[in-house]
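Working notes, structure below.
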Amino acid sequence: MFAVLPLLLVLVLPAVVLGILYVLRRKSSDISAVVAFTRIVAWVGVVLIGGSVLVGTAAAIVNGESTLQVPVEPYWPEFPAVSDVTPDHGDVVRSEITTVTVTAANLGAATRGLLAAGSLVSGLAVIAVLAAVIALCSKLLAGKPFSNSLLRSGRLAACALALGTLIGQTLTGIGTYRAGEETLRVDGYSMTGDQVFAGPSPWPVPAFSINYEFAPLFMALAILVVVELVNAGMVMVRQNEQLRAETDGLV
């Protein structure tokens with residue numbers, strides 16, 4: 001996936017440069033220049049995120065190599081037989097390893113499907129928000145910033161961001177756990193020489209853990225609040241227009 005990022009940057013860099021030149025040619029007080037540049041940046045985000053998601057999903061589906069941070073049961077490797085450690089932090093620090101980096105290929109079809117689905121859903125959730133930003137910028141440039149369709153787009157974007165990230169993180173967490181089971185789980189082993197392992201396995205033991213990030217949820221709530229504020233403003237504008245029309249009719 002990272003190998004494709006330079007190609008994506010080359011593709012979108014001209015668009016960014018053109019957007020900056022467009023803004024510089026307009027007056028700094030012209031709000032349309034800022035809106036136009038914001039729309040360009042949103043399109044750039046769609047291209048970058050969409051390309052990254054597609055590459056990552058395709059790599060997972062075609063059984064490519066995956067690098068994952070796999071949660072494991074807390075452990076610490078056996079201390080070496082040393083003495084007179086300077087400085088000695090053994091009495092004041094407790095060290096544990098809870099995640100390991102696993103690079104694996106030939107994962108199971110179900111595992112690859114979960115990882116691909118998690119990446120795809122999470123990426124589409126972000127793209128939905130960028131699409132709402134593009135729609136808002138287009139309506140602002142057209143002089144029609146307030147409409148029912150924009151309200152629907154805002155609500156759909158907020159729901160997509162909240163549910164998409166939640167479902168994506170869940171699918172990715174389950175897929176990562178399955179990847180840990182496939183790469184780290186040891187059913188039995190025999191020791192040779194003086195090697196002694198205190199735990200049930202000479203390798204880290206995979207653990208089931210899903211890391212939920214709540215920042216997208218809070219962002220979705222903020223989008224909903226903004227949408228409802230816009231809706232309230234639209235209602236007030238319609239009421240004022242109706243009141244003005246009634247007043248003009250009386251006069």
Side-chain angles (χ1 to χ4, degrees), residues 1-6 8 48-49 51-83 85-126 163-218:
M1 180 175 65
F2 294 103
V4 182
L5 287 179
L8 294 176
L48 286 176
I49 296 175
S52 177
V53 168
L54 289 177
V55 171
T57 302
I61 292 177
V62 300
N63 202 13
E65 188 176 85
S66 301
T67 300
L68 307 168
Q69 294 292 328
V70 177
V72 295
E73 298 291 341
Y75 82 102
W76 185 254
E78 183 179 356
F79 287 100
V82 297
S83 60
V85 178
T86 305
D88 189 1
H89 301 300
D91 296 334
V92 297
V93 174
R94 180 185 178 185
S95 300
E96 289 182 344
I97 296 176
T98 56
T99 58
V100 296
T101 302
V102 173
T103 301
N106 299 321
L107 295 173
T111 301
R112 290 185 282 111
L114 287 169
L115 293 173
S119 175
L120 181 62
V121 172
S122 298
L124 290 178
V126 179
L163 295 178
T165 52
L166 179 64
I167 296 173
Q169 291 170 358
T170 301
L171 294 175
T172 301
I174 298 174
T176 302
Y177 170 71
R178 290 179 59 91
E181 287 286 331
E182 294 182 21
T183 56
L184 298 178
R185 178 66 66 181
V186 175
D187 295 328
Y189 65 94
S190 59
M191 295 179 294
T192 59
D194 297 330
Q195 290 180 314
V196 177
F197 300 102
S201 169
W203 288 5
V205 179
F208 181 78
S209 177
I210 299 178
N211 183 25
Y212 287 108
E213 297 181 2
F214 294 99
L217 177 60
F218 297 147

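All residue numbers refer to positions in the sequence shown, counting from 1. Heavy-atom basis, side chains included; hydrogens, waters and symmetry copies ignored.
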Original post:
Does the side chain of Tyr212 come under 3.5 Å of the side chain of Thr165 through a donor N or O and an acceptor N or O?
Top reply: no
Original post:
With side chains defined as the heavy atoms from C-beta onward, is the minimum distance between Leu107 and Leu115 less than 4.5 Å?
Top reply: yes
**OP:** Report yes or no: does Thr176 contribute a side-chain atom to a donor-acceptor pair with the main-chain N or O of Thr172 at less than 3.5 Å?
**Re:** yes
**OP:** Could you tell me the separation between the CD1 atom of Ile49 and the CG atom of Leu54, rounded to the nearest 0.5 Å?
**Re:** 12.0 Å
**OP:** Quick one: closest heavy-atom pair of Glu73 and Ala207, and the distance?
**Re:** OE2-CB, 3.5 Å
Subject >> Spacing of OG1 belonging to Thr111 relative to CG belonging to Asn106, to within rounding of 0.5 Å >> reply: 12.0 Å
Subject >> From Phe214 atom CZ to Leu166 atom CG, the distance as rounded to the nearest 0.5 Å >> reply: 8.5 Å
**OP:** For the pair Gln169 (side chain) and Glu213 (backbone), establish whether a donor and an acceptor sit closer than 3.5 Å, ignoring hydrogens and angles.
**Re:** yes
Original post:
Would you call Tyr75 and Val100 a side-chain contact if the rule is heavy atoms closer than 4.5 Å?
Top reply: yes
Original post:
Considering all heavy atoms of both residues, which atom of Gly164 and which atom of Ala125 are nearest to each other, and what is their separation?
Top reply: CA-CB, 3.9 Å
Subject >> Nearest heavy-atom neighbours spanning Ala117 and Leu171 >> reply: CB-CD1, 3.8 Å
Subject >> Minimum-distance pair of heavy atoms, taken over all atoms of Ile61 and Ala116 >> reply: CG1-CB, 3.9 Å
Original post:
Where do Gly180 and Val70 come nearest, in terms of heavy atoms and distance?
Top reply: CA-CG1, 3.6 Å
Original post:
Where is the tightest heavy-atom contact between Glu182 and Gly108, given as atom of each residue plus distance?
Top reply: OE1-N, 3.0 Å
Original post:
Excluding sequence neighbours, so at least two apart, what forms salt bridge (charged side-chain N to carboxylate O under 4.0 Å, His left out) with Glu181?
Top reply: Arg185
Original post:
Just how far is it from atom CG of Leu120 to atom OG1 of Thr57, taken to the nearest 0.5 Å?
Top reply: 4.5 Å
**OP:** For residues Thr101 and Thr67, determine if any side-chain heavy atom of one lies less than 4.5 Å from a side-chain heavy atom of the other.
**Re:** yes
